[in-house]
Student: 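Encoded as structure tokens, here's the structure I'll be asking about.
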Amino acid sequence: MLRQENTRPYHWADKTMSVLRANQLEACEKDLAGLPFLCLFDNDCTDKDAESFYALSYFPREDLKKKEFSLHTVEQLRIRVLSSFAPELALLSPEEHDLMVRLVLFGGKLTLQDWDELIPARSLVRRLWCRTRREDSGQVLYMPHQLCASALLLLAREGHKKIRDAVELVQESIDNSLYLSGITQASGPVLHLQSLLKGTYAENHPELIERMLFAACDYVYDESGRLVLIHPGLADPEKTLRSLSAASCAFRQMDDVSLQEASDSISDLESPLYEQMLFAITDAVRPELTPEDAVEDLIILAKQDVPLTDMQEVLSSMLVSLPTEEMLKALRDLSSRIPRWLWFSSSRVQ
């Protein structure tokens, strides 16, 4: 999801990963509430609705890049959506794919159970496959029966599974890279996935890969207009991009094996620190925040080189009482030993 909020003036307690995520989801919920109650494939949909559907879809940005401009009809949009339905279904983000499978199995109607489903639901609506509506049971996602039937057949294909394996592999590489560095250009994962898709029915669809990244990751654009993927806990991506540019630093690209080895090494280092912090605060965290999320927030702050004094303030804001000496010791250990993201001075990495 595009990161638009300027968090620079905020205190660190207001720009932890939990807060940033909650703000993103709240914005997504408001966006969903303002979408049409009709779907492109509903019988009641007419050409009067065509431009509204086009405007909320992924098409305008893609057409702008190709300098293709025209008025639209419902039939034209339906043909355009259906013509790429098979490869697009295979190139959904992992969260979209999981949600779509459940939606299909429930016959095209699914009540969204938690906030984490809002972003993939919003992307399925942008693909012009679905619509949402607020009902007594909550936010409900609908998919037309004709698309459900087509999706059910496509899901059973062996080729679909092969493409999904490639998507999952690349997404894992992205996750590892972002946890290691905090930020990465999208061009690397795009080229990686394109190479894995050669010979499949999903090859030569860069716009569908980009849609997948939009749904799967937080992102911004650099000064040259290039898509940059960011860790959901990175509080000030614009400042990071300026710092990288000023230092003439290149984005680090690592192969899958190196990424996995680095990820495993960091996990071995961080796990004891995580457990120590979790044990210290488990019974003292405010009810709106889980202890696990609180510890993760603190770790991500350490990766951004947030000073210990600021981290102590954040810890205090998470608790129902004053922090104990055991908590403060766990925080000092975490602050001094968590590896910083790679765009910080390597001397800070323990």
Student: Has S195 got a side-chain atom pairing as donor or acceptor with H192's backbone, closer than 3.5 angstrom?
Tutor: yes

Student: Below 3.5 Å, can you tabulate the donor-acceptor pairs from side chains in residues 76-83 to any protein atom, sequence neighbours excluded?
Tutor:
unit_1, atom_1, unit_2, atom_2, d
Q76, OE1, T73, N, 3.1
R78, NE, L40, O, 2.9
R78, NH2, L40, O, 3.1
R78, NH2, D42, O, 3.0
R80, NH1, D63, OD2, 3.1
R80, NH2, D63, OD1, 2.6
S83, OG, I79, O, 3.3
S83, OG, R80, O, 2.8

Student: Which pair of non-hydrogen atoms, one from Q304 and one from G233, has the smallest distance, and what is that distance?
Tutor: NE2-O, 3.0 Å

Student: Any heavy-atom pair between the side chains of T184 and V228 that's under 4.5 Å?
Tutor: no

Student: Do L191 and I163 belong to the same hydrophobic cluster, where Ile, Leu, Val, Met, Phe, Trp and Tyr are linked whenever their side-chain heavy atoms lie under 4.5 Å apart, directly or via other members?
Tutor: no

Student: List the atom pairs, with distances to 0.1 Å, where a side-chain N or O of residues 43-50 and a protein N or O form a donor-acceptor pair under 3.5 Å, not counting sequence neighbours.
Tutor:
unit_1, atom_1, unit_2, atom_2, d
T46, OG1, K48, N, 3.3
D47, OD1, V74, N, 2.9
D49, OD2, T46, N, 3.0

Student: Is the side chain of S335 donor-acceptor paired with the backbone N or O of L331 at a distance under 3.5 Å, no angle test?
Tutor: no

Student: Which heavy atom in V285 sits nearest to a heavy atom in L289, and how many Å separate them?
Tutor: CG1-O, 3.0 Å

Student: Could you see if L105 belongs to whatever hydrophobic cluster contains L92? Use Ile, Leu, Val, Met, Phe, Trp, Tyr and a side-chain cutoff under 4.5 Å.
Tutor: yes

Student: Identify the two heavy atoms, one from A202 and one from L197, that lie closest to each other, and give their separation to 0.1 Å.
Tutor: O-CD1, 3.7 Å

Student: Please determine if E223 and R242 form a salt bridge, counting it only when a charged side-chain N lies under 4.0 Å from a carboxylate O.
Tutor: no

Student: Do you know which two heavy atoms are closest between L20 and A235, and how far apart they sit?
Tutor: CD1-CA, 4.0 Å

Student: Would you say the side chain of R61 lies within less than 4.5 Å of the side chain of F214, judging by non-hydrogen atoms?
Tutor: yes

Student: Decide yes or no for L128 and Y58: does some side-chain heavy atom of the first lie under 4.5 Å from some side-chain heavy atom of the second?
Tutor: no

Student: Side chains of H72 and E51 only: does a donor on one sit below 3.5 Å from an acceptor on the other?
Tutor: yes

Student: Name all residues meeting the side-chain hydrogen bond (donor to acceptor under 3.5 Å, both in side chains) criterion together with Y201; count only those two or more places apart in sequence or in a different chain, and write none if there are none.
Tutor: none

Student: What residues form a side-chain hydrogen bond (donor to acceptor under 3.5 Å, both in side chains) with R102, not counting sequence neighbours?
Tutor: E117

Student: Is any side-chain heavy atom of I299 less than 4.5 Å from a side-chain heavy atom of V295?
Tutor: yes

Student: Using only atom types and a distance under 3.5 Å, with no angle test, would you say the side chain of R133 pairs donor to acceptor with the backbone of R131?
Tutor: no

Student: For the residue pair H231 and W341, categorise the inter-ring angle as parallel (less than 30°), tilted (30 to 60°) or perpendicular (more than 60°).
Tutor: tilted

Student: Could you state whether V140 and F106 fall into the same hydrophobic cluster, counting links through intermediate Ile, Leu, Val, Met, Phe, Trp or Tyr residues with side-chain heavy atoms under 4.5 angstrom apart?
Tutor: no

Student: Can you check whether D236's main-chain N or O pairs, donor with acceptor, with T240's side chain at less than 3.5 Å?
Tutor: yes

Student: Please list all pairs meeting side chain to side chain donor-acceptor pair (under 3.5 Å) that have one or both residues in residues 140-165, counting only residues at least two apart or in different chains.
Tutor: H97-H160, E135-Y142, K161-D165

Student: Same cluster or not: L334 versus F279, using hydrophobic residues (I, L, V, M, F, W, Y) connected whenever any side-chain heavy atoms lie under 4.5 Å apart?
Tutor: no

Student: Please name all residues satisfying salt bridge (charged side-chain N to carboxylate O under 4.0 Å, His left out) with E203, sequence neighbours left out, ordered by chain then number.
Tutor: none

Student: Hey, are R211 and E62 close enough for a salt bridge, meaning a charged N less than 4.0 Å from a carboxylate O?
Tutor: yes

Student: Which side chain to side chain donor-acceptor pair (under 3.5 Å) pairs, counting each pair once, include a residue from residues 278-296, with sequence neighbours left out?
Tutor: T290-D293

Student: Side-chain donor-acceptor contacts of residues 25-38 below 3.5 Å, not counting sequence neighbours, with atom names and distances?
Tutor:
unit_1, atom_1, unit_2, atom_2, d
E29, OE2, R134, NH2, 3.3
D31, OD2, R122, NE, 2.4
D31, OD2, R122, NH2, 3.0

Student: May I have the step-by-step check of salt bridge (Lys or Arg N to Asp or Glu O under 4.0 Å) for R21 and D116, ending in yes or no?
Tutor: CA-CA 9 Å; R21 181 68 173 174; D116 288 336; 3.8 Å; yes

Student: Would you check if the side chain of S271 reaches a backbone N or O of S267 as a donor-acceptor pair within less than 3.5 Å?
Tutor: yes

Student: Verify whether one side chain among Y179 and E270 offers a donor that lies under 3.5 Å from an acceptor in the other.
Tutor: yes

Student: Checking S173 now: which residues fulfil side-chain hydrogen bond (donor to acceptor under 3.5 Å, both in side chains) with it, not counting sequence neighbours?
Tutor: D256

Student: Tell me whether S57 contacts the main-chain N or O of Y54 through its side chain, where contact means a donor paired with an acceptor under 3.5 Å.
Tutor: yes

Student: Can you tell me which residue pairs pass the side chain to side chain donor-acceptor pair (under 3.5 Å) test with a partner in residues 324-333, sequence neighbours excluded?
Tutor: Q276-D333, E325-R332, K329-D333

Student: Run through the side-chain heavy atoms of Ile, Leu, Val, Met, Phe, Trp and Tyr, join any pair under 4.5 Å, and report what else lands in L64's cluster.
Tutor: F69

Student: Tell me every residue that passes side-chain hydrogen bond (donor to acceptor under 3.5 Å, both in side chains) with Y274, counting only those two or more places apart in sequence or in another chain.
Tutor: none

Student: Which pair of heavy atoms, one from P291 and one from I281, lies closest together, and at what distance?
Tutor: O-CD1, 4.1 Å

Student: For residues L229 and Q185, determine if any side-chain heavy atom of one lies less than 4.5 Å from a side-chain heavy atom of the other.
Tutor: no

